[in-house]
Amino acid sequence: MTGVTVRVRFSPAPTGFLHVGGARTALFNWLFARSVGGVFVLRIEDTDAALLREGLVDGILRTLRWLGIDWDEGPHHQSERAGAYAEAVAALRYSGHAYYCDCTRDDVRARTRDDAGYDRFCRDRGLTSGAVRFRAPDEGATVVHDVIRGDVTFDHAAIEDFVVQRTDGTAVFLLANAVDDMDMAISHVIRGEDLLASTPKVLLIRQALGDDHPPVYAHLPLIVNEKRQKLSKRRDDVAVEEYRERGFLPEAMRNYLALLGWSPKDDREILPIDDMVAEFRIEDVKPSPAFFDVKKLEAVNGEYIRALPVATFVRECLPWLETDPPWPPENFDLAVFEAVAAHVQERARTLAEVPAMVDFLFLDEPAVEEVAWDKAITQNPAAAGVLDEAIACYRDAHWDSGELHRLTAALADRHGLKLAKAQAPIRVAVTGRTVGPPLFESLHLLGRDRTLERLARAKDHLPFSS
RNA sequence: GGCCCCAUCGUCUAGAGGCCUAGGACACCACCCUCUCAAGGUGGCGACACGGGUUCGAAUCCCGUUGGGGCUGCCA
């Protein structure tokens with residue numbers, strides 16, 4: 001790597017949002033650039049008119065920033081480099097490397113052979129308008145040097161005369177890609193394996209354009225779904241933005257993505273970004289596809305959530321607590337949430353599940369889970385007694401979680417119950433759920449009045465209430 | 001169909017010929033801890049796709065088979 005300026009690029013097509021696979025590609029380019037002191041260029045591949053709608057790029061940039069992936073150059077837009085592409089196409093035509101073709105879509109279909117694509121019908125017709133096709137060599141082969149896969153050889157016989165410029169004069173990505181990578185002096189091309197098969201075409205164009213410094217390639221393994229297919233916009237949850245909305249932290253997302261195809265030398269999986277940069281080696285990336293496992297992502301996210309200082313955790317939770325909360329907004333009390341935060345933080349795998357863990361504190365009536373209520377109260381023979389006595393001894397209790405704990409333990413004792421059993425009807429009566437933050441801290445925060453009110457209400461609903 | 005890629009526990013991976021009766025993590029199960037649930041601790045289940053070579057020795061190298069995937073657009 002000495003003596004050569006490392007320049008990499010992430011070049012997404014503007015589809016409106018950043019795809020999980022794209023994010024991983026961006027991350028690996030970024031890690032590589034940062035690890036060797038190279039330059040990370042952002043380039044928008046919008047050569048197709050359909051991709052020129054306003055705003056399609058914004059989401060991608062926003063999400064890259066959210067992930068902490070910054071760029072040193074760009075974003076360049078291919079839509080603004082039409083001149084350079086036109087020049088390149090003209091050069092290819094003059095040098096005999098490309099020719100006009102007026103075949104229609106149907107013509108091409110009819111002329112496509114099973115083993116080598118378009119049959120080159122227009123090659124020597126001397127047309128002066130239409131789409132422009134690259135004259136692929138009839139013999140020989142092109143070798144793609146890939147640091148992840150080794151040398152991959154493509155026989156020219158299987159490479160068709162592909163289109164480099166559309167009838168409307170715009171360049172297709174193969175051409176734009178070749179020209180831009182040369183003009184921008186890209187030294188390493190790191191992208192998804194789905195592009196491996198198109199690489200010899202780009203190499204052929206570059207060669208025809210006089211290039212003698214092809215970049216080093218690294219084709220990353222595809223990220224696949226449970227059926228081992230490439231993640232697709234249609235059937236899979238691929239928008240990184242969506243994971244953000246589902247309560248994942250950017251650091252966790254980034255860390256998990258880094259683990260798809262790469263791993264540090266030791267047995268660590270959770271590691272700070274600086275360590276990743278320090279240890280990242282593009283040649284260590286595995287060539288085989290990786291399944292995007294949301295369960296594992298959640299586990300990683302849980303680790304990151306727990307590692308947060310409580311105050312930071314509280315701040316991160318705010319959007320979930322203040323925007324469209326399950327309780328009347330005016331009921332929310334930040335001080336109360338801050339008091340339970342540490343308990344919630346230990347239990348949450350995503351920020352999105354936080355509201356349900358604390359809703360009993362801000363709801364006028366607890367959100368009752370039918371199954372829980374039925375099991376712990378209605379169908380529980382001990383419920384009436386426990387509830388009655390809880391009301392009796394909580395009424396004059398010193399309102400403190402330790403004291404509530406002691407009183408309830410004594411209560412359980414008198415009923416010959418384990419505290420675990422005795423607390424169940426109380427918890428469900430007060431919070432509506434069987435699980436949640438520690439009960440006595442919860443009661444303490446809820447306050448005596450509301451606690452007694454909810455216990456009484458639960459008791460009243462019992463079929464044989466005393 | 002053609003071209004290309006890939007192949008270690010269910011999943012993500014460690015493993016670059018002997019350190020491997022294959023290690024870690026997630027998931028799952030059990031137990032411990034415990035006011036529920038988590039967290040934490042301990043343990044368990046669980047893999048080198050198959051067949052040939054090469055070698056004193058192969059998860060590691062080679063070939064083949066099988067399986068999976070990608071590409072095959074005037075999308076990128």
Side-chain angles (χ1 to χ4, degrees), chain A residues 11-15 45-48 50-51 78 101 103-105 108-109 112-117 130-133 144 146 148-149 152-155 157-160 162-168 170-174 176-177 191-200 219 221-222 224 226-230 256 259-270 286-293 295-300 302-303 306 343-349 357 372 376 401 404-405 408-409 412 418-424 426-428 431 433-442:
Chain A
S11 42
T15 52
E45 308 232 322
D46 53 0
T47 59
D48 190 75
L51 299 174
Q78 292 190 327
C101 166
C103 291
T104 63
R105 197 183 180 76
V108 173
R109 203 194 320 276
T112 295
R113 295 158 301 171
D114 253 8
D115 56 339
V132 176
R133 282 182 186 275
V144 177
D146 189 297
I148 295 174
R149 285 152 219 286
V152 183
T153 304
F154 295 87
D155 283 336
I159 297 177
E160 66 176 336
F162 53 93
V163 171
V164 292
Q165 185 181 71
R166 304 184 183 92
T167 304
D168 68 5
T170 59
V172 303
F173 97 104
L174 290 168
N177 211 275
R191 21 117 89 147
E193 196 214 307
D194 49 343
L195 291 166
L196 178 57
S198 72
T199 305
H219 285 94
L222 254 23
V224 300
E226 59 289 338
K227 292 165 74 180
R228 310 299 304 179
Q229 296 166 319
K230 178 169 79 157
Y256 175 67
L259 261 19
L260 259 24
W262 177 79
S263 63
K265 284 300 174 198
D266 51 29
D267 276 337
R268 284 188 304 165
E269 290 199 319
I270 307 296
K286 274 188 39 133
S288 47
F291 170 58
F292 189 79
D293 187 354
K295 276 272 200 304
K296 177 97 178 194
L297 207 209
E298 286 174 349
V300 172
E303 294 228 31
R306 272 174 262 127
H343 296 299
V344 174
Q345 179 176 12
E346 197 168 277
R347 291 164 172 74
R349 290 164 81 85
M357 291 184 183
S401 62
L404 289 167
H405 189 166
T408 312
K418 295 267 197 189
L419 181 52
K421 283 286 182 193
Q423 62 90 42
I426 300 174
R427 173 184 295 279
V428 174
T431 72
R433 309 174 190 277
T434 52
V435 304
L439 181 61
F440 306 113
E441 278 79 357
S442 298

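All values derive from a computational prediction rather than experimental measurement.
Between the side chain of Arg228(A) and the backbone N or O of Val224(A), no donor-acceptor pair lies under 3.5 Å.
Across C5(B), C6(B), U36(B), the shortest atom-to-atom separation from the side chain of Pro438(A) is found for U36(B). Side-chain atoms of Thr167(A) lie closest to C74(B) of the nucleotides A27(B), G68(B), C74(B). Looking at the side chain of Ala13(A), the nearest of the listed nucleotides C6(B), A76(B), G40(B) is A76(B). Nearest to the side-chain atoms of Gln229(A) among the listed nucleotides A76(B), G69(B), G23(B) stands G69(B).
Contact annotation: Lys230(A) side-chain N/O to C71(B) OP1/OP2 distance is under 4.0 Å. Checking the phosphate oxygens (OP1, OP2) of A76(B), a side-chain nitrogen or oxygen of Thr47(A) falls inside 4.0 Å. An OP1 or OP2 oxygen of U36(B) is reached within less than 4.0 angstrom by no side-chain nitrogen or oxygen of Thr434(A). Here Arg149(A) does not reach the OP1 or OP2 of A7(B): none of its side-chain N or O atoms lies under 4.0 Å away. A close approach under 4.0 Å does occur between a side-chain nitrogen or oxygen of Lys265(A) and OP1 or OP2 of G15(B). Within the 4.0 Å cut-off from OP1 or OP2 of A76(B), at least one side-chain nitrogen or oxygen of Arg166(A) is found. Within the structure, every side-chain polar atom (N or O) of Arg306(A) is placed at least 4.0 Å from both OP1 and OP2 of A38(B). The side chain of Arg433(A) contributes no N or O atom lying less than 4.0 Å from OP1 or OP2 of A38(B).
Note on Arg166(A) versus Asp168(A): no salt bridge recorded, every NZ/NE/NH1/NH2 to OD/OE distance being 4.0 Å or above.
Between the side chain of Arg228(A) and the base of U11(B) there is no donor-acceptor pair of N/O atoms closer than 3.5 Å.
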